[in-house]
Amino acid sequence: YNNRQTSEITINRGGKSAGRRGSGTLSFTKIEILDARDKERNVFNVGETVRFAMAYKVFERLQGLNANVCIFSSKNKGEPLTDMRYEIKKGTVEKGEVGKATIEVDLTTIRPGEYTLYFWLGDDDATKQGTPVNYDVVDGMTKPLIVKAGKESSDPSTGSFTLPSRIIRQ
């Protein structure tokens, strides 16, 4: 996917493959990485805003719909650096329903680097079970999120995030 020019995603009707798995009862149909003006791009400066726009289709009647975007370091993908979980829809989601959800993220505290992205979509039961029944996963199949320091930065700090801090005693 990293070399593709489109953000369209093949419908997942169940099964597992490299970077893609799910139940087949719902599916991402498109995932876009956008800037604050809704222009598609994956390279940002620290302090900018990124939007993860996710389109989906539901193939079976579900209860609730939830999304999760995880950010992983491209150097060590074993543990997520952070994730953002949101309820997209409460109550019944009907078979055949299509929709879109966008998660907006402020990149003020993230440090420069390349980050692999993981997208998850599931019903209410999938958020509670150890083995989800109704879900779809796109794991590392989009372009990475690349964050640059920007022209004015000369901060030699290391790590993935800048936490708000101050010295209180000298």
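At least one donor-acceptor pair under 3.5 Å links the side chain of Asn42 to the backbone N or O of Pro144. Side chain of Ser23 to backbone of Tyr135: a donor-acceptor contact under 3.5 angstrom is found.
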Item to complete: Check the pair Asp125 / Gln63 against side-chain contact (heavy atoms from CB on, under 4.5 Å), numbers first and verdict last.
Response: CA-CA 8 Å; Asp125 286 341; Gln63 285 301 309; over 6 Å; no
side-chain contact (heavy atoms from CB on, under 4.5 Å) between Met84 and Val105, intermediate numbers included: CA-CA 9 Å; Met84 296 139 288; Val105 182; 3.3 Å; yes
Test Leu26 against Leu65 for side-chain contact (heavy atoms from CB on, under 4.5 Å), laying out the working first.
CA-CA 10 Å; Leu26 66 164; Leu65 195 58; 3.5 Å; yes
| task | I would like to know whether Tyr86 and Val69 meet side-chain contact (heavy atoms from CB on, under 4.5 Å); could you show each step before the answer? | result | CA-CA 9 Å; Tyr86 291 94; Val69 177; over 6 Å; no
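The two atoms that bring Ile31 and Met54 nearest to each other are CG1-CG, 4.4 Å, heavy atoms only. Considering every non-hydrogen atom in both Asp136 and Arg21, the closest pair reads OD1-O, 3.3 Å. Residues Tyr115 and Pro112 come closest through the heavy atom pair OH-O, 3.9 Å. Nearest heavy atom pair, residue Trp120 against residue Asp123, reads CH2-O, 4.4 Å. For the residue pair Leu145 and Ile71, the shortest heavy atom distance occurs at CD2-CD1, 4.3 Å. Across Glu87 and Asn66, no two heavy atoms sit closer than the pair CA-OD1, 3.5 Å.
Under the side-chain contact (heavy atoms from CB on, under 4.5 Å) criterion, Thr109 pairs with Phe161, sequence neighbours left out. Under the side-chain contact (heavy atoms from CB on, under 4.5 Å) criterion, Glu60 pairs with Thr25, not counting sequence neighbours. When the side-chain hydrogen bond (donor to acceptor under 3.5 Å, both in side chains) test is applied to Glu97, the partners found at least two apart in sequence or on another chain are Lys89. Here Thr49 pairs with Ala36, Glu104 under the side-chain contact (heavy atoms from CB on, under 4.5 Å) rule; sequence neighbours left out. Take Phe52 and apply the ring pair (Phe, Tyr, Trp, His ring centres under 6.0 Å) test, not counting sequence neighbours, and it matches Phe119. Taking the side-chain hydrogen bond (donor to acceptor under 3.5 Å, both in side chains) definition, one finds that Asn68 meets it with Asp83, sequence neighbours left out. Scanning for side-chain contact (heavy atoms from CB on, under 4.5 Å) contacts around Ala53 gives Glu32, Leu34, Lys100, Thr102, with sequence neighbours left out. With sequence neighbours excluded, the residues forming a side-chain hydrogen bond (donor to acceptor under 3.5 Å, both in side chains) with Arg41 are Asp35, Glu48, listed by chain and number.
Taking CG of Asn134 as the start and OG1 of Thr127 as the end, the distance is 11.0 Å to the nearest 0.5 Å.
Cluster partners of Ile146 are Val43, counting Ile, Leu, Val, Met, Phe, Trp and Tyr whose side-chain heavy atoms approach within less than 4.5 Å, directly or via other members. Within the hydrophobic cluster formed by Ile, Leu, Val, Met, Phe, Trp and Tyr side chains joined at under 4.5 Å, directly or through other members, Ile168 stands alone, with no partner residue.
Contact of the Glu94 side chain with the Val58 side chain is not registered, since no non-hydrogen atoms from C-beta on lie closer than 4.5 Å.
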